[in-house]
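A quick write-up on the structure given underneath.
Per chain, numbering begins at 1; letters A, B, ... match sequence-line order.
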There are 2 protein chains.
Amino acid sequence: MDKRELLLEAATKLFVERGLHATPTSAISKQAGVSAGILFHYFKTKDDLIDELYVSIKKEYTSSILIDIDRIKSDLGKLRLIWSNSWNWAIDNDLKFKFLLQVDNTNCSERVKSHPEIITKVEKFNNFIQEYVDKELVKNIDTYFLMTSMFSLITSMVNYLTLFPELCHDQVFIEQAWEMFYNCLKP
Amino acid sequence: MDKRELLLEAATKLFVERGLHATPTSAISKQAGVSAGILFHYFKTKDDLIDELYVSIKKEYTSSILIDIDRIKSDLGKLRLIWSNSWNWAIDNDLKFKFLLQVDNTNCSERVKSHPEIITKVEKFNNFIQEYVDKELVKNIDTYFLMTSMFSLITSMVNYLTLFPELCHDQVFIEQAWEMFYNCLKP
DNA sequence: TCTTTAATTGACTAATCAGTCAACAAAAGT
DNA sequence: ACTTTTGTTGACTGATTAGTCAATTAAAGA
């Protein structure tokens, strides 16, 4: 198997368990079952590894959000799919999601948040929300504020579902959570 | 001035700037203008300092939330005061707030989240919300889920206001943000 | 005043870290 | 078959770290 991939996977696990700086590169290579030196063959520095890991996971997450979006006709249905895609991906990839949260809440994330591919994704999503503002399906307020509010609600839902996983399939809870989400956004 | 306090203040600043593990104790004592050894006179270990800092800041934050709550009569007014107290404290104490966010999104926070004083505060707030559920002023859903949703919205608002501080005094924005907050909670 | 206790210093240590490197192995090209 | 490139190893290094400690100063009691 690709050792680069093994290293990224091991790093995700250890970073979430111990934190970025408390995880030595030696522990990452050990967890991945490869030699200590090879990490610096694939990544110039440890910070480089962190950056590449963040960007690749963020891309994976933002891509997952729009899955099957064209199979839905109604605007509200699309918004609901974005909502459920978001927390479903996070539940299915809890280590990766926790890694994103950890980095997003660190100042060192400034280094990587300005990555061009991520900025593009954010802009795309921004335009998507602007359409909803124009159609008067959501509040007429700055789209970036709408976006952060949306993702903060999704994040809190993911954290809650992580504590009570059985609720993932509880239709009553899911319906109430969606109601809260959309009530927050609607005009 | 109290060197213990100087150390905590310096630690808050550096932890937020560099991250917990990327901040050596030597940097903390240097920033505080005291000798390297004195840190271990006031705190047994570095982790001890982190724990004590977290608990003291969390207590300060949770206390600030209920300021002047008895001067308001209406239930809705009280809820709105909790909301504005929360983000006002966070804006006024941005370093401390960022420190809380950073620790809350780390696995190492498990160590400290179970601190008795913090559990008591959370339970108190939980009961407060339960009253609102009983009075049918907020959705009939698990109070812990309501609580995390509330604070996630407040957090996203604080992050947004940090980027655009002038909006703190923009009555239109504040009113819309409150509308979003309460629409999310109401039955 | 004298004694005891607490606060404070900074040089020190043992451990740990990110990153290097010479050597070797495997693939790929010719 | 032979050469070049690429992947891989693990011992090594210089720098940095958390935490110690003997010595010094300040404060408090008697």
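Taking atom CG of residue B:Asp2 and atom P of nucleotide D:dA26, one finds them 18 Å apart after rounding to whole Å. We find that CZ of A:Arg18 is positioned 13 Å from C1' of C:dC17, with the value rounded to whole Å. Distance, B:Leu49 CG to D:dG19 P: 10 Å, rounded to whole Å. Here D:dT17 presents its P atom at 15 Å from CG of B:Leu20, a figure rounded to the nearest Å. Distance CD (A:Glu5) to C1' (D:dG7): 17 Å, rounded to an integer number of Å. Atom CD1 of B:Ile28 is separated from atom P of D:dA18 by 8 Å (rounded to the nearest Å). Spacing between atom NE2 of A:His21 and atom C1' of D:dT16 amounts to 14 Å, rounded to whole angstrom units. Protein atom NZ of A:Lys46 is 15 Å distant from nucleotide atom P of C:dT16, rounded to whole Å.
Out of C:dT20, D:dA18, D:dG7, the shortest distance to the side chain of A:Tyr42 is found at D:dG7. In this structure, of C:dT8, D:dT8, C:dC17, it is C:dT8 that holds the atom nearest to the side chain of B:Ile38. Checking C:dG19, D:dT17, C:dA18 against every side-chain atom of B:Pro24, the shortest atom distance belongs to D:dT17.
Taking the six-membered ring for Trp and thresholds of 30 and 60 degrees, A:Phe97 and A:Tyr61 have ring planes more than 60 degrees apart, a perpendicular arrangement.
Ion pairing of B:Lys78 with B:Glu131 is absent here, as no side-chain N (NZ or NE/NH1/NH2) approaches a carboxylate O to less than 4.0 Å. Between B:Lys58 and B:Asp104 there is a salt bridge, with a side-chain nitrogen of the basic residue lying less than 4.0 Å from a carboxylate oxygen of the acidic one.
The side chain of A:His41 contributes no N or O atom lying less than 4.0 Å from OP1 or OP2 of D:dT8. Distances shown here put a side-chain N or O of B:Lys3 below 4.0 Å from the OP1 or OP2 atom of C:dT9. The phosphate of D:dT8 has neither OP1 nor OP2 within less than 4.0 Å of any side-chain N or O from A:Ser35. The side chain of A:Lys44 contributes no N or O atom lying less than 4.0 Å from OP1 or OP2 of C:dG19.
Within the 4.0 angstrom heavy-atom criterion, no nucleotide atom of any strand lies near A:Ser29.
Between B:Tyr144 and A:Phe164, the ring centre distance reaches or exceeds 6.0 Å.
When all heavy atoms of B:Ile50 and B:Phe99 are compared, the pair lying nearest together is O-CZ, 4.2 Å.
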